[in-house]
Number of protein chains: 2
Amino acid sequence: MTSLPQSSSVLEAHPEGVAPGVAVSSPSFSPLYQQIKTLILKSLQAGEWRPGEAIPSEIDLAARFKVSQGTVRKAIDELAAENLLMRRQGKGTFVATHAEERVQYRFLRLTPNQSASGQPEVAKRVFLDCKRMPAPADVALALNLPAGATVVEVRRILSFAGRPVILDDIWLPGHLFEGLTAERLSEYKGPMYGLFESEFGVRMIRAEEKLRAVVADESVAPLLGVKSGTALLSVERLSRTYGDQPVELRRGLYRTDDYYYRNELS
Amino acid sequence: MTSLPQSSSVLEAHPEGVAPGVAVSSPSFSPLYQQIKTLILKSLQAGEWRPGEAIPSEIDLAARFKVSQGTVRKAIDELAAENLLMRRQGKGTFVATHAEERVQYRFLRLTPNQSASGQPEVAKRVFLDCKRMPAPADVALALNLPAGATVVEVRRILSFAGRPVILDDIWLPGHLFEGLTAERLSEYKGPMYGLFESEFGVRMIRAEEKLRAVVADESVAPLLGVKSGTALLSVERLSRTYGDQPVELRRGLYRTDDYYYRNELS
DNA sequence: CAGTGGTCTAGACCACACT
DNA sequence: GTGTGGTCTAGACCACTGC
């Protein structure tokens with residue numbers, strides 16, 4: 001990879017300001033804006049700017065990295081496309097946050113059968129359980145934890161319009177979530193990922209979901225208010241932070257009589 | 001919207017070549033590259049370039065539209081991001097096609113439980129039915145057709161590894177698919193959307209899916225080789241061409257014992 | 001080699017938000 | 001007005017492809 005200092009020195013050798021071209025003819029060439037992107041990413045990960053805060057202006061960043069504004073711009077463009085940054089014309093570029101979001105649940109794709117108003121109405125959350133325990137083998141594997149590591153297990157129910165719709169089992173690495181209790185979960189207003197972000201410094205930036213259809217058994221049917229034998233949508237979500245590190249495994253069961261899971265393809 | 005001719009005339013008034021700014025202070029301002037994007041889109045829709053073919057080079061397009069290469073570039077960037085065009089460094093920019101694709105089914109999100117090799121192995125297709133009929137009310141509504149318009153109804157089964165996995169019911173506007181028969185569907189090698197594209201000039205560029213969990217009844221269970229009461233993933237897909245016009249409604253039932261529906265969130 | 005897309009720069013000006 | 005992101009340009013050079 002072409003290192004940044006190299007590029008700068010090349011730049012200084014051309015004081016007339018014409019782009020000298022940054023690539024040294026080399027194996028595995030990386031464009032300047034990608035290197036800038038990586039540097040910004042590192043600052044985000046290091047917490048140099050907090051979620052919701054503005055990052056320095058493009059001009060400032062260009063000066064800091066000794067590149068043109070256009071190059072910084074392209075780096076920020078990609079980070080904004082990945083929902084890590086938010087651009088607001090006339091105001092600045094801000095670190096994305098789960099706390100002050102236009103939609104309650106950014107990762108929840110459930111939509112009511114009726115009413116085209118996008119997200120379902122306000123949810124009511126009930127936490128049934130929250131305990132620390134040794135990670136089950138499959139959970140440890142998914143979260144990339146050593147066998148038997150401590151995890152926090154949370155069980156909760158999400159209700160819309162007064163009826164239970166989602167039963168979630170959630171596992172979090174214990175060492176990242178010291179002091180997480182059902183009480184703190186219940187008290188916090190706003191999405192759970194907002195709490196994780198502000199209280200534990202863990203930011204979910206990407207997730208993969210595996211969807212299957214399953215039949216409700218006696219252990220879950222009553223919790224969702226359905227009969228055994230009802231079909232439920234099983235949603236297994238693995239959420240990741242910076243560096244694609246997995247930090248949450250979630251197994252959800254969704255009632256899909258009044259709601260559906262919406263997806264867009266292109 | 002700022003019209004293109006206006007911009008050009010402004011341009012010509014500044015022969016020194018410095019960007020004069022294109023926007024007239026006006027309500028509903030549209031940037032130049034958006035206008036270029038719209039023009040390219042119109043050419044695509046009109047079939048000026050066929051799927052798989054190269055479009056003119058950025059320099060040629062810049063000359064045609066009397067804008068800078070950078071402006072054309074930004075327009076093409078967005079179209080490529082929407083999977084309407086494919087860029088290939090050193091070769092050119094190509095019209096996206098369903099025919100010569102690296103994956104068999106671009107819109108199919110099914111993945112085997114084992115084997116991380118992405119898409120499922122080669123599919124076997126069996127067409128159970130293909131007939132013209134008056135559109136059911138809900139189908140006509142979804143496809144934006146007048147009540148009672150003719151549609152083509154197709155029923156088919158997709159099998160992987162010798163076992164049936166997907167039962168699809170498909171409806172297509174009759175007037176766009178004259179002469180579509182089960183035989184032509186069976187004969188065609190490659191994805192169905194490739195056939196639609198090359199034989200009927202209909203290109204699917206975007207789709208929305210609604211996912212639900214349902215229980216298999218006696219009418220579908222035998223076709224998928226499962227018992228009645230098994231949970232199946234119901235996938236309703238509405239596919240659209242240019243201008244967001246809906247041109248295909250598809251209701252699929254997926255077995256999700258050996259496969260799952262994969263989705264990425266960010 | 002020429003032609004294509006890809007990167008980078010510098011500079012000008014517009015649209016928007018706050019003061 | 002000042003400062004921010006957003007658009008547009010012109011020009012140079014790099015990386016990749018194929019003749």
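Chain A is the first sequence line, chain B the second, and so forth, proteins listed ahead of strands; every chain is numbered from 1. Scope of the values below: all heavy atoms of this structure, side chains included, with no hydrogens, waters or symmetry mates.
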Check the distance between dT9(C)'s P and Gln69(A)'s CD and give it to me in whole angstrom.
11 Å
Atom NZ of Lys66(B) to atom P of dT9(D): distance rounded to whole Å?
13 Å
Please report, rounded to the nearest Å, how far the C1' atom of dC18(C) is from the CZ atom of Phe94(A).
11 Å
Taking only the side-chain heavy atoms of Pro31(B) (C-beta and beyond), determine which of dC8(D), dG5(D), dC8(C) contains the nearest atom.
dC8(D)
Can you confirm whether more than 12 heavy atoms, excluding those of Arg184(B), are under 6.0 Å from its CZ atom?
yes
Heavy atoms within less than 4.0 Å of DNA chain D: which residues of residues 75-92 of chain B have one? Give them sorted by number.
Gln89(B), Gly90(B), Lys91(B)
Check whether any side-chain nitrogen or oxygen of Lys74(B) sits under 4.0 Å from OP1 or OP2 of dC8(D), and answer yes or no.
no
Are there runs of at least three consecutive Watson-Crick or G-U pairs touching DNA chain C, with each pair's two distances under 3.5 angstrom? Give them by first number.
C:1-18 with D:1-18
Evaluate the side-chain contact (heavy atoms from CB on, under 4.5 Å) criterion for residues Leu238(B) and Leu143(B): first the C-alpha distance (whole Å), next the side-chain angles of each, then the deciding distance (0.1 Å), finally the verdict.
CA-CA 8 Å; Leu238(B) 185 65; Leu143(B) 291 178; 4.1 Å; yes
May I ask you to check whether Tyr261(A) and Asn263(B) show a side-chain donor-acceptor distance below 3.5 Å?
yes
Could you tell me whether the phosphate oxygens of dA10(C), OP1 or OP2, come under 4.0 Å of any side-chain nitrogen or oxygen in Ser68(A)?
no
What residues 54-63 of chain A contributes to the DNA chain D interface at heavy-atom separation below 4.0 Å is Ser57(A), Glu58(A)
Of all the choices, dG6(D), dC8(D), dT7(C), which nucleotide is nearest to the side chain of Arg73(A) once you look at every atom?
dG6(D)
